[in-house]
Amino acid sequence: MNIKELVSQMTLEEKAGLCSGDDFWHTKAVERLGIPRTMVSDGPHGLRKQDQKADHLGVNDSIKAVCFPAASATAASFDPDMIREMGEALGDSCQHEELCVLLGPAVNIKRSPLCGRNFEYFSEDPYLAGKMATAMIQGVQSRNVGTSIKHFAANNQEHRRMSSSSDADERTLREIYFPAFEMAVKEAQPWTVMCSYNRINGVYASENPWLLTEVLRKEWGFKGYVMSDWGAVSDRAAGVAAGLDLEMPASGGINDALIVKAVREGKLDEKAVDLACERILTIVYRYLENAKPETPWDLEAQHEQAAEIAAECMVLLKNEDGILPLKKEEPVAFIGEFARVPRFQGGGSSHINCVRVTGALEAAEGLPVTYARGYSVAEDAATEEMIAEAVAAAKKAKTAVVFAGLPDSYESEGYDRTHMRMPECQNRLIEAVAEANPNTVVVLHNGSPVEMPWIGKVKAVLEAYLGGQAVGRAEIRVLYGEVNPCGHLPETFPLKLEDNPSFLFYGGEGNVTEYREGVFVGYRYYDKKKMDVLFPFGHGLSYTTFAYSDLKLSAESMKDTDSLTVTAKVTNTGSVRGKAVAQLYAGAAGGDVIRPVRELKGFAKVMLEPGESREVRFTLDKRSFAYWNQKIHDWHVETGAYTIEIGASSRDLPLKGTVQIESTVRIPQTWTLDSIFMDIMKDPAAREAVLPMLEQTVKTFGPGEGENREPDDDPAVTEDMSMAMLNYMPLRGAFSFQQEAGASREELLALLEKLNAGTR
Ligand code: BGC
């Protein structure tokens, strides 16, 4: 199909029309030219294909589909290959249902435990989120169906989500809020990107040329079309100019007419409209030319796949006395309504109309398990009878397993949580059960961290996140040891909400939310502050144990343009087979830039038989060590030492090595009389030029026969002190502290001029 040719045949009205949806879920047809409609659908962890009467908030039912674990869970698998396979299954379903684009994955950073949509997002860490998103996109798109990575960008709260401005500096955006999008665009080339509702530093994402054109297309090389989140358009003509190709859903023709008007009045270049149409039609035909509606969709097989994935995502947070796995012959009490009717997905646009749901109680059929309801989800309460019944069941059993977590109303798209607590009735239930039976296990269903006031009283905690429709089957497999737990936390569980770095500013004031914690999000903050947390980023136990050894770096020193190979050995030192997640963190050991102690730069999941060892291998490049330099608007590595740590979590890093990196990039400097000695000394060219002129000053303040020296001073101490004082001295000190002329002001100015000319 010659797309350019096709667009050239369209009238301005037709082109403007094509730039918005036909209804909630379709792009427009242009019958005159034989251009058909295509359908898009939520996403991300299943199909929410709605019929024509549909509304996007999900009041009307969508078709029956399989609900896979939500991103909060799948991120915990640290297993991109598995997520790729999940994407392939979703891609097949889309082909079967004749869908052109699946609206996901959602990769926004979990800035605060409070965000209502955290369950739909991967992580507090951009590298992990990027890896997972990339794999999912590759999986779906391998079936010739598009994805829409969302919500671009800095959409980290639901509060005032359609009007709020996320105000963050460039470095914070580049290091924390952009990389998941960047990695996915560069490595998986999503067919579409969905821009977010919010503004960024005052400008709506949907009309932000820096975001949608400069960064997304020019820098990262995005080739597909950008669509708006549903209803995210404010100024449509500005959006077209900025790079927003498709407005979703329909605007009843109102915004299309504004595009036409803007072109007619000379305010919008018609070429921008052409370009948007070309991008939309390229994707429309890419799908149509590869459509395979005959692709089978095996719901049963996908239910089983969902169970397998869910088991890989569960995180064993605590397992005192090896209370888990449970033994099949021993009596166990399942307590809590979530055992029977699990919470396995979140509310809002990602809500799937499931073919079926398997809870733990159903999946435990045939095992010696009793059940007590414990609390009522609908009433958000536990009566005295419910608690008494639960206590009695717990007393009779060898082990009590409480299924708890957040009810639907506690976390959903559209609004944020106001606290990090679980329902009070559930906390009360857990305390009562643990009191009645010391062998108490808690299984959690939630999309975001919760406080655990009872943590010291229970022996084990299994974090199931929102594990999809087959979550119960996965829970039984993990609880009884059929599957060895291997999930790791994709986020920190702080002890309390107030510990979270965004706590003071989250939600913002009016329509402005300042990201004042900057790059110190999640573990980047807790580690820098050496704070105690409930469970650290990357944490996850197993029924076996692993040892890390033999760290090797391919070089002791390197240039920032080189790459470094890091290897280490992981050994299964326990008695059952299991999967380890080896995590590599890099950090600057020193330097002038305020940076996190460590940042995740690699991970590898490996299956090991008891006694078996395997090598894990990582390749690190400039980006692994770099920070975003706001002066050169680019990634930069300061010359200096960098640490590389490997282990089982961000707080369990037995292997540590160091590499010395030399920067090949000179940050341009403009030296003035106010520049201080310390900075000048670091720049070889400046140092060489300026030092001879400053000899007198160096004599006065620096080491040598300075006037400040007393006869009995320890020369070493005096030297240190005078050097320290000189460090912060501006160049102008060269003449202002001297009676006899050293360098004159004019001489210095002339020299600076020469020096600056050379660096420009
Ligand atoms: C959500 C998107 C979703 C869209 C379509 C919006 O409210 O933010 O994530 O894809 O609706 O349902």
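Counting starts at 1 for both ligands and their atoms, following the listed order. Just so you know, residue 1 is the first one in the sequence shown, and it goes up from there. Hydrogens, waters and symmetry mates are skipped; everything else that's a heavy atom, side chains included, is used.
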Legend entry - Distance flag, aromatic centroids of Phe152 and Trp220, threshold under 6.0 Å: yes
Inset, instruction - Say whether Phe24 and ligand 1 are in contact under the criterion: heavy-atom distance to a ligand atom below 4.0 Å. - result: no
Legend entry - Atoms of ligand 1, numbered as shown, that sit under 4.0 Å from any heavy atom of Lys150: 2 (C), 3 (C), 9 (O), 10 (O)
Legend entry - Salt bridge Asp42-Arg48, side-chain N to carboxylate O under 4.0 Å: yes
Inset, instruction - Using the side chain to side chain contact (heavy atoms under 4.5 Å, CB included) rule, pick out the option among Asn198, Asn511, Val512, Thr513 that qualifies with Arg160. - result: Asn511
Legend entry - Heteroatom distance test (Glu120, ligand 1): nitrogen or oxygen, under 3.5 angstrom: no
Inset, instruction - Decide, yes or no, whether a salt bridge links Arg421 with Glu451 under the criterion of side-chain N to carboxylate O below 4.0 Å. - result: no
Legend entry - Region of Arg117 that comes within reach of ligand 1 [heavy atoms, distance under 4.0 Å]: side chain
Legend entry - Arg111 NZ/CZ over Tyr506 ring centroid, <6.0 Å and within 45° of normal: no
Legend entry - Over-ring placement of Arg161 relative to Tyr197, 6.0 Å and 45° cut-offs: no
Inset, instruction - Identify, by atom number and element, the atoms of ligand 1 in contact range of Met194, meaning under 4.0 Å from any of its heavy atoms. - result: 10 (O)
Inset, instruction - Taking only heavy atoms of Arg48 into account, list the atoms of ligand 1 that are under 4.0 Å away from them. - result: 12 (O)
Legend entry - Ring centres under 6.0 angstrom apart (Phe537, Phe493): no
Legend entry - Element-labelled atoms of ligand 1 that are located less than 4.0 Å from some non-hydrogen atom of Glu413: 1 (C), 6 (C), 7 (O), 8 (O)
Legend entry - Atoms in ligand 1 flagged as close to Tyr197, the criterion being non-hydrogen separation under 4.0 Å: 6 (C), 7 (O), 8 (O)
Legend entry - Close-contact set for ligand 1 against Trp25 heavy atoms, below 4.0 Å: 5 (C), 12 (O)
Inset, instruction - Run the contact test for Met248 against ligand 1 with a 4.0 Å cut-off on heavy atoms, strictly below, and give the result. - result: no
Legend entry - Distance-only N or O hit between ligand 1 and Trp230, under 3.5 Å: no
Inset, instruction - Could you tell me whether ligand 1 has any atom less than 4.0 Å away from a heavy atom of Arg161? - result: yes
Inset, instruction - Would you indicate whether the side-chain heavy atoms of Arg279 and Arg217 approach each other to under 4.5 Å? - result: yes
